[in-house]
Student: 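One structure follows; several queries about it will come next.
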Amino acid sequence: MDTQAVIFDLDGVLVHTDRFHYLAWKKISDEMGIYFDEQINARLRGVSRMESLEIILERYTGPALSDKEKEELATKKNEIYRNYLSQMSPLDVSGDVKNTLRKLREAGIKLAVGSSSKNTKFILEKTNLADDFDEVADGTMITKTKPDPEVFSLAAKLLGIDSAKCLVVEDAVAGIEAGKAAGMKTAAYGDAAQRGIADHDLGRISDLLEIVLK
Ligand code: G6P
Ligand code: MG
């Protein structure tokens with residue numbers, strides 16, 4: 001496969017902020033008496049903050065919530081989440097991820113982040129990952145989140161690389177669908193790798209080296 005660029009999802013691929021998303025939503029759910037578990041959480045991967053809230057509220061049985069109340073819940077979740085993020089450091093990036101990024105770059109492969117998150121820049125700064133990428137496409141730059149291809153198409157455009165020459169790395173089913181819809185090759189990691197829906201399933205991020213540099 002003639003890959004010229006790799007576009008990485010952030011949460012759950014480059015860093016394990018997916019755990020912090022889970023903990024923050026769990027706190028909101030518990031306070032409101034809404035059932036929430038890892039299986040429901042898997043549906044939130046790659047999905048925007050407000051869409052995530054709607055999925056959680058599928059099990060809400062209390063009085064109807066106004067748009068303002070929903071906004072307040074999403075803001076509260078983000079405050080809890082950012083509190084976790086503020087404690088992150090470069091140590092939260094595994095050696096496996098760091099080495100893989102370095103080796104891909106040394107081989108002349110372009111690298112981008114493609115994330116639905118509006119906290120992308122903050123996470124990249126806290127973990128010192130920003131300089132490892134040529135381009136970043138994130139939730140502040142798009143109108144439709146995964147499974148829509150917008151964020152990945154934007155990343156390819158910023159890189160100046162044809163979509164067919166891009167490989168998307170994702171832990172979300174919605175993200176693999178987005179990569180396919182963008183006309184890109186896909187590599188699944190973590191949760192998405194259990195589903196057999198991508199072109200490649202990764203046991204660890206460095207498995208990419210064999211796929212891209214072979
Ligand atoms: C990523 C995560 C989702 C999250 C979304 C928005 O795609 O996988 O779980 O809901 O980003 O994140 P944000 O940081 O903007 O709330
Ligand atoms: Mg993810």
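We count ligands from 1, going down the list as the structure has it; atoms in each ligand are counted the same way. Note that the structure is a prediction, hence the values are computed from the model and not measured. Below, all heavy atoms of this structure are taken into account, side chains as well, without hydrogens, waters or symmetry copies.
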Student: With a 4.0 Å cut-off on heavy atoms, is G46 touching ligand 1?
Tutor: yes

Student: Determine, using heavy atoms of G139 and all atoms of ligand 1, whether some pair is separated by less than 4.0 Å.
Tutor: no

Student: Can you pull out the closest protein heavy atom to atom 1 (C) of ligand 1? Residue, atom name and distance to 0.1 Å, please.
Tutor: D11 OD2, 3.1 Å

Student: Quick one: look at D18 and ligand 1, take heavy-atom pairs under 4.0 Å, and tell me if it's side chain, backbone, both or neither.
Tutor: neither

Student: Where the side chain of Q194 meets the backbone of D191, is there a donor-acceptor pair that is under 3.5 Å apart?
Tutor: no

Student: Suppose we measure from atom 10 (O) of ligand 1 to each protein heavy atom; which comes out shortest, and what is that distance?
Tutor: V47 O, 2.6 Å

Student: To check your reading of the model: name the closest protein heavy atom to atom 9 (O) of ligand 1, its residue, and the distance in Å.
Tutor: L44 O, 3.0 Å

Student: In plain terms, say whether D2 and K165 are close enough for a salt bridge, that is, a side-chain N and a carboxylate O under 4.0 Å apart.
Tutor: yes

Student: What part of S117, side chain, backbone, both or neither, has a heavy atom within less than 4.0 angstrom of ligand 1?
Tutor: both

Student: Which atom name would you report as the N, O or S atom of D171 nearest the Mg ion (ligand 2)?
Tutor: OD1

Student: With the Mg ion (ligand 2) as the point of reference, which N/O/S atom of D9 is the closest?
Tutor: OD2

Student: Starting from atom 16 (O) of ligand 1, find the nearest protein heavy-atom neighbour and note its residue, name and distance.
Tutor: R49 NE, 2.7 Å

Student: Starting from atom 15 (O) of ligand 1, what is the nearest protein heavy atom, named by residue and atom, and what distance separates them?
Tutor: K118 N, 2.7 Å

Student: Using only heavy-atom distances, determine whether the side chains of T75 and E72 contain a donor-acceptor pair under 3.5 Å.
Tutor: no

Student: Does a donor on one side chain and an acceptor on the other come within less than 3.5 Å for N41 and D18?
Tutor: no

Student: Measuring only between side-chain heavy atoms, which start at C-beta, is L57 closer than 4.5 Å to K70?
Tutor: yes

Student: Any N or O of R45 that comes nearer than 3.5 Å to an N or O of ligand 1?
Tutor: no

Student: Which ligand 1 atoms are under 4.0 Å away from a heavy-atom of Y81?
Tutor: 14 (O)

Student: Any salt bridge linking K27 with E31? Criterion: basic side-chain nitrogen under 4.0 Å from a carboxylate oxygen.
Tutor: yes

Student: Taking 4.0 angstrom as the limit and counting only heavy atoms of S52, give me the atoms of ligand 1 inside it, by number and element.
Tutor: 10 (O)

Student: Can you tell me which N/O/S atom of D11 has the shortest distance to the Mg ion (ligand 2)?
Tutor: O

Student: Nearest heavy-atom pair of S48 and E51: which atoms, and what distance?
Tutor: OG-OE1, 2.7 Å

Student: Could you tell me whether K180 and E170 make a salt bridge, using a distance below 4.0 angstrom between a side-chain N and a carboxylate O?
Tutor: no

Student: Just heavy atoms, cut-off under 4.0 Å: does H21 contact ligand 1 by side chain, backbone, both, or neither?
Tutor: side chain

Student: Kindly confirm whether the Mg ion (ligand 2) is within less than 2.8 Å of some N/O/S atom in D18?
Tutor: no

Student: If you count the atoms of ligand 1 from 1 in the order shown, which ones are under 4.0 Å from a heavy atom of N119?
Tutor: 13 (P), 14 (O)

Student: Compute whether any side-chain donor of one residue and acceptor of the other, for D138 and T140, lie under 3.5 angstrom apart.
Tutor: yes

Student: Could you point out which residue of T100, D134, D132 forms a side chain to side chain donor-acceptor pair (under 3.5 Å) with R105?
Tutor: D134

Student: For the residue pair D199 and T186, confirm or rule out a side-chain donor-acceptor distance under 3.5 Å.
Tutor: yes

Student: Would you say the side-chain atoms of T127 and D92 include a donor-acceptor pair closer than 3.5 Å?
Tutor: no

Student: Confirm or rule out an N/O/S atom of E170, from backbone or side chain, lying less than 2.8 Å from the Mg ion (ligand 2).
Tutor: no

